[in-house]
Each structure stands twice: as structure tokens, then as C-alpha cells.
Amino acid sequence: MEIYDHPTFRMACEQFDLVADHLEIPPDDRARLKYPKRSMTVALPIHCDDGTTRMFTGYRVQHHLTLGPTKGGLRYHPDVTLGEVAALAMWMSWKCALTGLPYGGAKGGVACDPRKLSLNELERLTRRYTQEMIPFIGEKVDVMAPDMGTNEQVMACMMDTYSVHTGYTVPGIVTGKPVGIGGSLGRKEATGRGVGYLINRALDVIGLEATGCRAVVQGFGNVGSVTAFSLAKYGVKVIAVSDAFGGLYNEKGIDLWKLDEHVNNTKSVVGFSGAQAITNPELLELPCEILVPAALERQITNDNAGKIKCRILAEAANGPTTPAADKILDQRPEIFVIPDILCNAGGVVVSYFEWVQDLQSFFWTETEVMDKLFRILETAFAQTLALSKKQKITMRRAALTLGIKRVAEAKKIRGLFP
Ligand code: NAD
């Protein structure tokens with residue numbers, strides 16, 4: 001499967017192979033568990049504001065169809081490739097299975113820099129991508145959601161384009177859309193609040209009080225910023241944050257409300273007067289209790305895994321830690337890792353709630369949503385921790401084992417086709 005070759009895809013495969021060995025999955029069953037069921041690459045020409053026509057490339061990977069429709073985000077980022085999207089789709093499969101959702105994993109992406117596109121160009125690109133995907137998606141087939149570089153407005157454009165095609169409104173075609181058109185209360189905050197909840201559980205496990213703990217958050221977008229606010233509510237002091245343009249550090253704690261205002265005005269954390277500048281590599285190695293990578297893949301590597309100085313590594317991003325870094329972390333039992341497929345699962349869990357509400361046209365209160373979210377996260381956390389202790393394996397290995405085993409069993413029951 002050379003078409004998927006990419007460092008992130010290799011990383012996802014390496015994680016899968018280790019767990020497949022651990023579960024003793026027969027060699028004949030491995031390839032169809034590992035490789036995507038379907039993948040699409042589409043050409044997306046759009047008219048730009050300056051009168052030129054530009055072509056972008058878009059992808060969608062549906063990893064498996066065994067348990068229901070596929071589900072996963074859509075990413076807009078210059079480095080998006082088919083291999084990266086395939087890795088993210090694979091992780092979505094294990095994440096949905098770990099949390100007991102009736103979905104296979106999927107992911108989509110467009111190689112573009114959304115910050116360099118006007119709102120009109122972004123809308124044209126989103127509508128074009130949706131149009132090209134129409135034969136392959138549907139509320140019972142494949143349901144998209146926001147990811148890096150996309151947001152509620154992008155989801156609204158997708159839903160509208162799809163609904164124009166069908167001739168009636170289909171809110172269940174995407175999740176993470178605005179509440180006013182069928183979105184769920186709490187969806188925008190779900191991933192970050194879930195990360196905050198799980199960090200709090202991890203603090204209990206290692207016997208630390210939230211008050212007095214220091215947190216460092218890489219990436220101050222949707223997930224990173226909500227995580228930071230959520231930690232602040234638990235009494236944690238957020239001492240450093242960053243985005244694609246640079247980082248900030250204040251050992252006394254950053255005023256998140258003022259920072260949020262600054263980011264709303266300038267679109268970056270850089271230049272905020274309440275903290276000093278720090279580089280992203282420096283930020284990852286700051287002494288703290290809680291380190292939250294909430295941006296890109298492959299941030300904790302062979303080079304810095306021995307140097308990070310936290311007690312909890314909460315993987316809000318997908319795939320932030322490489323397998324080589326994992327080997328180093330295995331030798332550092334003082335660090336409690338909340339693996340990505342568990343740590344950031346709050347987003348897809350509330351996406352599932354949104355989809356259910358859309359299909360039923362019956363909407364829940366935010367309290368109902370959050371209560372149900374925390375119950376699911378609690379169960380997944382408890383099961384992962386219990387397996388990790390019972391089999392003396394890492395939290396990552398335990399979470400992946402639970403997810404992969406459930407998909408493998410479903411495939412065995414259904415047969416060769418799905
Ligand atoms: P976002 O676009 O809202 O924010 C991403 C942030 O990361 C931005 O602040 C950006 O400037 C920053 N960033 C980009 N490159 C960086 C770099 N090299 N160093 C430091 N910061 C950098 O995206 P998001 O939705 O918050 O997603 C962040 C991560 O969380 C991604 O890995 C995504 O896959 C994962 N995730 C998101 C959701 C969700 O519900 N949005 C759910 C699960 C997982």
C-alpha cells in the first residue's frame with residue numbers, strides 16, 4: 001500500500017503491528033484491519049478573488065465500514081497528504097471502538113493554508129470539496145466534523161451544499177456545525193473539556209491536587225484553548241501556550257481571558273503583553289505537571305522525549321508522540337500518558353450525540369450532553385487503566401488493544417466483506 005506511505009501512516013501502522021502481535025491477531029486478518037477500506041483524492045479548482053483559478057487537492061479516507069457509518073474530521077492544512085489522512089482515519093477507528101460508538105473511522109483533508117484564503121475563497125473551496133465527495137458520503141455513510149483549520153462555519157457550508165443536492169435539509173451529514181442549524185450544545189467545547197476531565201482523573205490516579213499544578217499547552221486553537229480554560233477551572237495554573245507563530249511563557253500563570261481577547265483581535269498568541277516569548281521546542285521542555293500537545297502529529301520525538309519534564313502527558317492532538325519517543329517514555333514511569341485515542345475522544349463522542357439528535361430531530365440540554373460525555377469518558381478511562389494494570393502494558397497499548405480488539409471481533413462476526 002505505497003499510496004499511503006508517510007511518516008504518520010508508518011507510525012500508525014507500527015502502533016497497530018505491536019498491538020496485533022500482543023493480541024495474536026492471525027497474519028491473514030491484519031491487512032484488512034490495518035488498511036483503509038476506501039480512499040478518495042479529488043481535484044478542487046476554484047475561482048480566486050484576484051480573478052485567477054487555483055487547483056487544490058482534497059482527500060477522504062474511510063477506514064472501515066464494519067460497525068456503521070464512518071466518522072471523522074476534515075483538516076485544512078498545507079501539509080495534508082493522503083498518507084497523513086489515512087493514519088488519522090485509522091486512529092479514528094480505534095477511538096470510536098474504544099468509546100463504544102457505532103462508527104468506523106474516517107478523515108478528510110485539503111492541502112491548503114486557510115489563513116491565506118479569503119472567506120469567500122474558503123467557502124468556494126469547501127463547497128467544491130463537498131460537491132466532489134457527494135457520491136461517497138451520507139448521514140448513514142460517512143459523516144464529517146471540524147479538525148485543524150476547519151470550524152463550525154466550514155461545516156455549515158458542507159451541510160448546505162449537500163442539502164442543496166438532496167433538495168431537503170440534511171443536518172446529520174456533518175457534526176460540529178452551529179447550534180442554530182442542528183448542531184449540539186457543547187460540541188465546540190467537547191474535545192477540550194474532555195481533555196480537562198481526563199487530566200483531572202489522571203491527577204487522582206497519580207495522587208496530585210489540581211490546585212498548584214502547572215500546565216503547558218502547545219496549540220491554542222479550539223482544542224488547546226478550551227483545554228486551557230477547563231484546566232483553569234479545576235485550579236490548574238497555565239504557564240505556557242503556543243500556536244503556529246510562536247509561544248508564550250509566564251511562570252506566574254497566563255491570564256487566559258486577556259489572552260483570548262488578544263487572540264480574537266490578532267489571530268495569534270504572539271505579542272501578548274502578559275507573558276514573555278518562548279519557542280515551541282523550549283515550551284515542550286518546560287518543567288510542569290501537565291503537558292498538553294494540542295496541535296500537530298509527531299511533536300514528542302526521539303530527540304525530546306527524554307527531556308520533557310511533566311507528570312502527565314495529555315495527548316489532545318492526534319499522534320503527537322512517535323513510537324521512538326514511546327520507547328523512551330516506557331522507561332519514564334513517572335510520566336502518566338493519556339493516549340490520544342482516549343484523551344481527545346470527547347470530540348467524536350459529542351459528534352455522535354449531535355448525529356443522534358439530528359437523526360431524531362430531538363435536542364438535548366448542554367447538561368445532558370456533558371453528563372453523557374463524562375460517563376462515556378469515565379468508562380473508557382477506567383477500562384484502559386484496568387487493562388494497563390492487569391497486563392502491565394502502557395496506557396497507549398491498553399487503549400489501542402481495546403479499540404483494535406473490538407473492530408477485529410466485529411469483522412470476525414460479520415465476515416470478509418465489510
Ligand atoms: P485548530 O485549527 O482550532 O487549532 C490548531 C492550533 O495549533 C492553532 O492554534 C495553530 O496555530 C496551532 N499550531 C499549528 N501548528 C503548530 C505548531 N507547529 N506549533 C504550535 N502550534 C501549532 O485545530 P483543533 O481543532 O484545535 O485541533 C488540534 C488538534 O486536536 C489536532 O491534532 C486535531 O486532529 C485534534 N483533535 C481535534 C478535535 C476537534 O474536535 N476539533 C477532536 C479530536 C482531536
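A quick note: this is a predicted structure, and the numbers were derived from the prediction, not measured. In listed order, ligands and their atoms are each counted from 1.
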Q299 N/O under 3.5 Å from ligand 1 N/O: no
Mode of L296 contact toward ligand 1 - side chain, backbone, both, neither (heavy atoms, under 4.0 Å): side chain
Atom 28 (C) of ligand 1: the protein heavy-atom neighbour that sits closest, reported with distance to 0.1 Å: A294 O, 3.4 Å
D330/K327 ion pair, N-O < 4.0 Å: no
Any N or O of R115 closer than 3.5 Å to N or O of ligand 1: no
salt_bridge(D326, R397) N-O dist < 4.0 Å: no
N/O separation below 3.5 Å, A317 to ligand 1: no
S39 versus R60, side-chain donor and acceptor atoms under 3.5 Å: no
Test log, rule side-chain contact (heavy atoms from CB on, under 4.5 Å), inputs K107 and Y59: CA-CA 8 Å; K107 207 80 180 188; Y59 308 97; over 6 Å; no
SB check E366 R193 (cutoff 4.0 Å): yes
Contact (N/O only, under 3.5 Å) between G347 and ligand 1: no
Residue pair T150, R75: steps toward the side chain to side chain donor-acceptor pair (under 3.5 Å) verdict: CA-CA 6 Å; T150 57; R75 177 174 289 196; over 6 Å; no
N or O contact, K107 vs ligand 1, cut-off under 3.5 Å: no
Where ligand 1 meets N318 - atom numbers and elements under 4.0 angstrom, heavy-atom basis: 32 (O), 33 (C), 34 (O), 35 (C), 36 (N), 44 (C)
G224, any N or O under 3.5 Å of ligand 1 N or O: no
Numbering as shown, the atoms of ligand 1 that approach S242 to under 4.0 Å (heavy-atom distance): 20 (C)
The single option from T8, D340, N344 passing side-chain hydrogen bond (donor to acceptor under 3.5 Å, both in side chains) against N318: N344
Test of ring centre spacing under 6.0 Å for H262 and W257: no
Selection from A295, G221, G319 by shortest heavy-atom distance to atom 7 (O) of ligand 1: A295
Shortest non-hydrogen contact from I338 toward A202: CD1-CB, 3.8 Å
Part of A190 with heavy atoms under 4.0 Å of ligand 1, whether side chain, backbone, both or neither: neither
E354 with K177: basic N within carboxylate O range, under 4.0 Å: yes
Ligand 1 versus D243: contacting region, heavy-atom distance under 4.0 Å: both
Polar proximity ligand 1 side, N344 side, N/O cut 3.5 Å exclusive: no
Nearest-neighbour protein heavy atom for atom 40 (O) of ligand 1, which is reported as residue plus atom name and distance: T191 OG1, 2.7 Å
Ion pair E289/R214, N-O distance below 4.0 Å: yes
Nearest non-hydrogen protein atom, atom 37 (C) of ligand 1: V223 CG2, 3.5 Å
Subset of ligand 1 atoms that lie under 4.0 Å from at least one heavy atom of G149: 2 (O)
Atoms of ligand 1 close to N280 [distance to a heavy atom under 4.0 angstrom, numbered from 1]: 19 (N), 20 (C)
Identity and separation of the nearest protein heavy atom to atom 3 (O) of ligand 1: N222 N, 2.9 Å
Per-atom contacts of ligand 1 with R187, taking only distances under 4.0 Å to non-hydrogen atoms: 40 (O)
Whether R75 lies under 4.0 Å from ligand 1, heavy atom: yes
Short N-O contact, E123 and R127, less than 4.0 angstrom: yes
E315 with R396: basic N within carboxylate O range, under 4.0 Å: yes
For atom 10 (C) of ligand 1, the protein heavy atom that lies nearest, with its residue and separation: A244 N, 3.9 Å
N-O pairing of D49 and R124 below 4.0 Å: yes
Protein contact to atom 5 (C) of ligand 1 [nearest heavy atom, distance to 0.1 Å]: M148 SD, 3.8 Å
V356/W364 under side-chain contact (heavy atoms from CB on, under 4.5 Å): CA gap, chis, key distance, verdict: CA-CA 10 Å; V356 168; W364 311 344; 4.1 Å; yes
Atom indices of ligand 1 within 4.0 angstrom of A316 heavy atoms, with elements: 30 (O), 35 (C), 44 (C)
Heteroatom distance test (D147, ligand 1): nitrogen or oxygen, under 3.5 angstrom: yes
